[in-house]
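Before any comments, here is the structure.
Throughout, a chain's letter reflects where its sequence line sits, starting with A, and its residues are numbered from 1. Values below: all heavy atoms of this structure, side chains included; hydrogens, waters and symmetry mates excluded. Keep in mind that what you see is a predicted model, and the values were worked out from it rather than measured.
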2 protein chains.
Amino acid sequence: MTSSDAHLSRDERRRRTESTILDAARELFADAGFERTTIRAVAAQAGVDPALVMQYFGSKEGLFGAATRWNGEHESILTATSDTLAAAAIDDLLSHFEHADDREAAVALMRNCLTHPTALAAMRDQVMCERKEAVAAAIEGEDAQLRAGLFAACMVGLGMVRYLIKLEPVASASPEALHRLMEPALQALLAAPAAAAPGPTDPS
Amino acid sequence: MTSSDAHLSRDERRRRTESTILDAARELFADAGFERTTIRAVAAQAGVDPALVMQYFGSKEGLFGAATRWNGEHESILTATSDTLAAAAIDDLLSHFEHADDREAAVALMRNCLTHPTALAAMRDQVMCERKEAVAAAIEGEDAQLRAGLFAACMVGLGMVRYLIKLEPVASASPEALHRLMEPALQALLAAPAAAAPGPTDPS
DNA sequence: TTTGACGGTCAACGCGCGTAGAGTGAAATG
DNA sequence: CATTTCACTCTACGCGCGTTGACCGTCAAA
């Protein structure tokens, strides 16, 4: 950060530094999780003083919130029809976790969503809920909400097992193989319930 | 822990105390995660001095390892045939997370498997790997390992969404509804790859 | 009855963390 | 040029954590 930015204007330099800190934070939050990541480590990786991180983001919480912001644009699932839902969901997963710029942010959010309140809330109330509604809207039937939720659960499981737990051979499977094997299963989940139990879903 | 156990023999009293500590640890690890759970809090909940916890388990790591031990007995998936796999897997999930005595242990393991090295290793190398092999052995075909892994991923996703993220209506759905909706999807995952893509449908 | 082992407690240490506030020097402003 | 603004650093505080070793009372063995 002290090499080739002496010519930049003040606020551009500031934006640059802020973004460097955010990148460092994303990487560490994604790799080690919230609790095991220290402000000092983020600052060191960004080549900056720890106090500056506090000054910019207010607190470690603030830094985490700024670093793990889910980018819901370009989600093909939001515009999919009932028979392209499965493929769209897999495409979205791959794009978020493999080619996207915000890959680290997605990993960081997912890594921490079981242990960090903010990440949990974001995961449930933003990421999952919105996508679940999109799926539920695209299918019909009495169990639409539940089926959409289970659909989301399978996608979450796939993401966690592939990108965080890294269970082989799921972690190294090709996108084509994922599409080929997962799509029929997801479509079975979305298909109208044949004729099993009558009556609505009743929690016992 | 000082009420009605004065009459117990020394080593039985010791075992009782140890188990009380383990119960407290499981509950806190399951609710708050490893990092947010303090030895002091575990000791307080067990009605015991923090130093005793160290004396028994050596370290916080040791306590965590002892508290989150996966109980792989009575798993019906290990003896299932290819067409009962899906039902067996759902039954196992329900039994581990709802009526089992080690429910807290299962939740604790799952809650921490994304952020704690020991929990991650246990999850991947014990829990998932063993069950994945059982599934792979019960089905045939070229992608048996991958399909078994994706099967496991869906089950992990279901568990996390239902018991940790608690996304509605998945969290409150009845066991019957889970069976009814998930089984067809899981079976589609295990079925031999039909003829969707120009893929190598493997003859035996 | 003496003696030792052992379940359990007490007080404290040292470290690393998040955080705060004063300070510095260069860029913007007039 | 004088002044202000602002990105950034330095130093340090206070707290809570995991962990330790000395200590106490009681039960079992000799």
Side-chain angles (χ1 to χ4, degrees), chain A residues 1-25 28-29 31-68 112 115-118, chain B residues 1-25 28-29 31-68 112 115-118:
Chain A
M1 298 314 298
T2 46
S3 54
S4 67
D5 46 357
H7 55 92
L8 296 174
S9 78
R10 210 142 72 169
D11 52 345
E12 183 165 9
R13 191 184 151 92
R14 149 125 201 189
R15 257 177 288 133
R16 192 94 82 164
T17 305
E18 201 170 294
S19 144
T20 305
I21 294 175
L22 280 177
D23 284 343
L28 294 184
F29 284 145
D31 286 354
F34 180 82
E35 307 283 352
R36 299 174 119 89
T37 297
T38 69
I39 297 259
R40 285 171 224 259
V42 171
Q45 169 130 350
V48 144
D49 192 272
L52 191 65
V53 179
M54 295 298 299
Q55 193 171 321
Y56 282 1
F57 300 98
S59 67
K60 191 184 177 184
E61 281 292 336
L63 175 64
F64 183 74
T68 64
N112 294 285
T115 40
H116 192 284
T118 302
Chain B
M1 302 309 108
T2 44
S3 54
S4 66
D5 46 357
H7 56 92
L8 296 173
S9 78
R10 215 144 64 170
D11 52 345
E12 183 165 9
R13 190 183 150 94
R14 149 123 198 189
R15 256 176 289 131
R16 192 94 79 164
T17 306
E18 202 169 293
S19 144
T20 305
I21 295 175
L22 280 177
D23 284 344
L28 295 184
F29 284 145
D31 285 354
F34 179 82
E35 308 282 353
R36 300 176 120 89
T37 296
T38 69
I39 296 261
R40 285 170 224 259
V42 171
Q45 170 132 347
V48 144
D49 193 273
L52 192 65
V53 179
M54 295 299 299
Q55 192 171 322
Y56 282 0
F57 300 97
S59 66
K60 192 184 177 184
E61 282 293 335
L63 175 65
F64 183 73
T68 63
N112 293 285
T115 40
H116 193 284
T118 301

Can you tell me which nucleotide in C/dG21, C/dT9, C/dT19 comes closest to the side chain of B/A51? C/dT9
Would you say A/S9 reaches C/dA28's phosphate, i.e. side-chain N/O to OP1/OP2 under 4.0 Å? no
OP1 or OP2 of C/dG8 sitting under 4.0 Å from any side-chain N/O of B/R13? yes
Of all heavy-atom pairs linking B/N112 and B/F29, the shortest is ND2-O, 3.5 Å
Where A/M54 and A/S59 come nearest, the two heavy atoms and their spacing: CE-CA, 3.8 Å
Can you tell me the distance, in whole Å, between the CD1 atom of B/I39 and the C1' atom of C/dT9? 16 Å
Is the shortest side-chain N/O distance from A/S59 to OP1 or OP2 of C/dG18 below 4.0 Å? no
Could you state the CZ-P distance from A/R14 to C/dA27, rounded to the nearest angstrom? 17 Å
I need the CZ-P distance between B/R40 and C/dC10, as an integer number of Å. 13 Å
Under 4.0 angstrom, heavy atoms only, what part of the nucleic acid is A/F57 near: base, sugar-phosphate, or nothing? nothing
Would the distance check show the side chain of A/S19 and the main-chain N or O of A/R15 forming a donor-acceptor pair, the cut-off being under 3.5 Å? no
Ignoring backbone atoms, test whether A/Y56 places a side-chain nitrogen or oxygen under 4.0 Å from the OP1 or OP2 oxygen of D/dA7. no
Tightest non-hydrogen contact, residues A/T115 and B/G33, listed as CG2-CA, 4.4 Å
Contacts of B/R10 and B/F34 projected onto DNA chain D by closest heavy atom; the upstream (5') one is B/F34
In whole angstroms, the gap separating C1' of D/dC17 from CG of B/L63 amounts to 15 Å
